[in-house]
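What follows is a set of notes on a single structure, which appears directly below.
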There are 2 protein chains.
Amino acid sequence: MQSNLPHLQSIFTADCVIFGFSEGELKVLLIERNEYPFKEWWGLPGFFVEHNETIDDAVKRILLEHTGLKGIYMEQLYTFGDLQRHPQGRIITVAYYAMLRLEAIGNNLKPSTDYVRKAQWHPLNHLPDLAFDHKNIIEKSIEKIRRKVSHSPIAFELLPEKFTLTQLQQLYEAIWDKKLDKRNFRKKMLKYNILKELDEKQKGVSYRAAKLYKFDKRKYNKIFKNELNFSK
Amino acid sequence: MQSNLPHLQSIFTADCVIFGFSEGELKVLLIERNEYPFKEWWGLPGFFVEHNETIDDAVKRILLEHTGLKGIYMEQLYTFGDLQRHPQGRIITVAYYAMLRLEAIGNNLKPSTDYVRKAQWHPLNHLPDLAFDHKNIIEKSIEKIRRKVSHSPIAFELLPEKFTLTQLQQLYEAIWDKKLDKRNFRKKMLKYNILKELDEKQKGVSYRAAKLYKFDKRKYNKIFKNELNFSK
DNA sequence: AATATAGGGTGTATTTCTTACACTATTGCT
DNA sequence: AGCAATAGTGTAAGAAATACACCCTATATT
């Protein structure tokens, strides 16, 4: 019962703020653009979304091409559509953020497409000038993550599979940009009972080695139908 | 230093879940479509976004045309881009939700455009079948609101300017779909010190009239740089 | 005038969570 | 043997959350 309809096409991009964590700092993966507009500027990895792929798939493509990894944690952040944000017309961008274990890729960052000169991790607190409205997108994404880690165990996406409680605490400290009390942090975190204590210890440190833990997704799902509260 | 760039146009829609609150229930404003696709189906108010307007402006336009009101509280929710969601091609929609005081418009709902046969408030818990992926959009918006009212005073957007504590409690109960304890609710709400107790009382009730309160935005901004916690 | 109805308004005791805070233990290195 | 560096641990006080029941007041009814 449908009349003849024209076929319409959307033109829009997807950009992704990719977070990593190392040396006690949050890092963002930026690319140096090899194309106009903003040639030679730093910016977020992103492409035009094809007509036959979902937005999520486009972001997975971005992630794969820039990191070589599949299955990275990602979530849609916000859609930006200011009239001035793109010199080629009002091109909206659907922004995502992603989190990965930095150890998983090491320094194997190659510019994977012609659009990109090079890719590099930048500390969140020392970002260069960025193309388009990408600075704003990064700010919004860290705000969202700050809130989200309070009730959801996404922080573990940034840690190696096996980690120490100190590493976990440092991660929360980096995300919230504030110091936490060691004893209280451990008490609270262990009480949630979502960590699995391993029989292993840290290696290669020149001091007392710490116990290693894993995030126990099964326990998490069993215990928390809904949410945690890691904040404060 | 920019090469000649083609001018590009995005085609996409904005849809808005408009919430109201009356008779202890959350209501959603739906329109009966007068156009293909999904002619004669219920759906969310929404339009294509013009090339010279921001997405926010497009949503303000939707709100004005359907309610006659300006300055309605609104927020971007999510961008939906499934390949199958629109029969005319992959047309993404940027979904928003909005909240308004139902008393402000009463029953003056007129179909304001040719696209719309009629507009009507529907209880959130008894929605008809909906066009496109609009059911899904509504579900996502109520989830977001459930979370958001826990740390932000947006619930007041749904109440008349002057309201009783019972009305406020009923609103939270409707949003969370659970009963709250009267004494504990009042204790907690009043302790935040963001309500202004008025010298007025409810009128037209056949029982002891309740005190009226206002949300005091100034106090709120002064006291809470960041967030509240209304939950639980 | 008396009574019924319907919702308004209030306090306390218990438990749980949050916070503040400092020392001993272990390991590798010199 | 001793130093350097981080791991690991408990308690007391205050704050917040929860559970819970009765009297008050305005209007409507008889």
Side-chain angles (χ1 to χ4, degrees), chain A residues 21-25 149-151 159-160 162-174 176 178-214 223-224 226-232, chain B residues 21-25 149-151 159-160 162-174 176 178-214 223-224 226-232:
Chain A
F21 177 66
S22 66
E23 290 131 19
E25 276 187 318
V149 291
S150 300
H151 59 253
L159 290 178
K162 301 171 183 182
F163 52 84
T164 69
L165 291 178
T166 299
Q167 286 174 312
L168 184 59
Q169 180 178 342
Q170 284 167 346
L171 173 54
Y172 274 89
E173 288 176 342
W176 287 329
K178 79 174 182 197
K179 287 280 164 203
L180 302 172
D181 179 87
K182 183 158 79 161
R183 279 179 289 191
N184 292 341
F185 179 82
R186 286 167 180 236
K187 205 190 312 171
K188 186 164 188 175
M189 192 56 73
L190 291 174
K191 190 148 58 65
Y192 283 124
N193 199 29
I194 59 171
L195 297 184
K196 181 172 186 172
E197 186 180 329
L198 302 177
D199 285 333
E200 262 173 283
K201 295 203 166 180
Q202 236 179 350
K203 274 174 192 157
V205 291
S206 70
Y207 46 81
R208 177 174 175 182
K211 277 184 213 158
L212 291 170
Y213 291 80
K214 262 187 182 175
I223 301 173
F224 300 97
N226 302 311
E227 306 203 340
L228 303 185
N229 172 19
F230 293 135
S231 61
K232 286 175 192 171
Chain B
F21 177 67
S22 67
E23 292 132 18
E25 276 187 319
V149 292
S150 300
H151 59 254
L159 290 178
K162 301 171 183 182
F163 52 83
T164 69
L165 291 179
T166 298
Q167 285 174 312
L168 184 58
Q169 180 178 341
Q170 284 168 346
L171 174 53
Y172 274 89
E173 288 176 341
W176 287 329
K178 78 174 184 197
K179 286 279 164 205
L180 301 173
D181 179 87
K182 183 157 79 160
R183 281 178 288 191
N184 293 339
F185 180 82
R186 287 168 180 235
K187 204 190 313 173
K188 185 163 186 175
M189 194 55 74
L190 292 173
K191 191 147 58 65
Y192 284 125
N193 199 29
I194 58 171
L195 297 184
K196 183 172 185 172
E197 185 180 331
L198 302 177
D199 284 334
E200 260 174 285
K201 295 203 166 178
Q202 236 180 351
K203 274 173 192 158
V205 291
S206 71
Y207 45 81
R208 177 174 175 182
K211 278 184 212 157
L212 290 170
Y213 292 80
K214 261 187 182 176
I223 301 173
F224 300 96
N226 303 311
E227 306 201 341
L228 305 184
N229 173 18
F230 292 134
S231 60
K232 285 178 194 168

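- For A:Q170 and D:dA7, the CD to C1' distance is 12 Å, given to the nearest whole Å.
- Interatomic distance, B:M189 CE to B:N184 CG, rounded to the nearest 0.5 Å: 12.0 Å.
- Atom-to-atom, CG of A:L180 to P of C:dT18 comes out at 13 Å; the value is rounded to the nearest Å.
- Within the 4.0 angstrom heavy-atom criterion, only backbone atoms of the sugar-phosphate kind lie near B:T166; the bases stay farther away.
- Of the side-chain N and O atoms in A:K188, one or more sit less than 4.0 angstrom from OP1 or OP2 of C:dT18.
- Rounded to a whole Å, the CZ atom of A:R186 is 18 Å from the C1' atom of C:dT18.
- Summarising the geometry, the separation between CD on A:Q169 and P on D:dT6 is reported as 13 Å, rounded to the nearest angstrom.
- Between the C1' atom of C:dC21 and the NZ atom of A:K187 lies a distance of 10 Å, rounded to the nearest Å.
- When rounded to the nearest whole Å, the span between CG of B:D181 and C1' of D:dA17 equals 11 Å.
- For the atom pair CD (A:E173) and CG (A:L168), the distance works out to 10.0 Å, reported to the nearest 0.5 Å.
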Apply the test side-chain contact (heavy atoms from CB on, under 4.5 Å) to residues A:T166 and A:R186: give CA-CA distance (whole Å), side-chain angles for both, the deciding distance (0.1 Å), then the verdict.
CA-CA 9 Å; A:T166 299; A:R186 286 167 180 236; 3.1 Å; yes

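- In this structure, A:A210 and A:N184 both approach DNA chain D, and ranking their closest nucleotides by distance from the 5' end singles out A:A210.
- Atoms OH and CG, from B:Y213 and B:L190 in turn, are 5.0 Å apart once rounded to the nearest 0.5 Å.
- Rounded to whole Å, the distance from CD on B:Q167 to P on C:dA6 is 19 Å.
- In this structure the side chain of B:L165 reaches within 4.5 angstrom of the side chain of B:L195, judged on heavy atoms.
- How far OG1 of B:T164 is from NZ of B:K201: 12.5 Å, rounded to the nearest 0.5 Å.
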Reading nucleotides 22-30 of chain D 5' to 3', which nucleotides get B (base under 4.0 Å from a protein heavy atom), which S (sugar-phosphate only), which -?
--BBBSS--

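- Both A:R183 and B:K191 sit near DNA chain D, but only A:R183 has its closest nucleotide nearer the 5' end.
- Summarising the geometry, the separation between NZ on A:K179 and C1' on C:dA20 is reported as 17 Å, rounded to the nearest angstrom.
- Summarising the geometry, atom CZ belonging to A:F185 is positioned 10.0 Å from atom CD belonging to A:Q170; distances are rounded to the nearest 0.5 Å.
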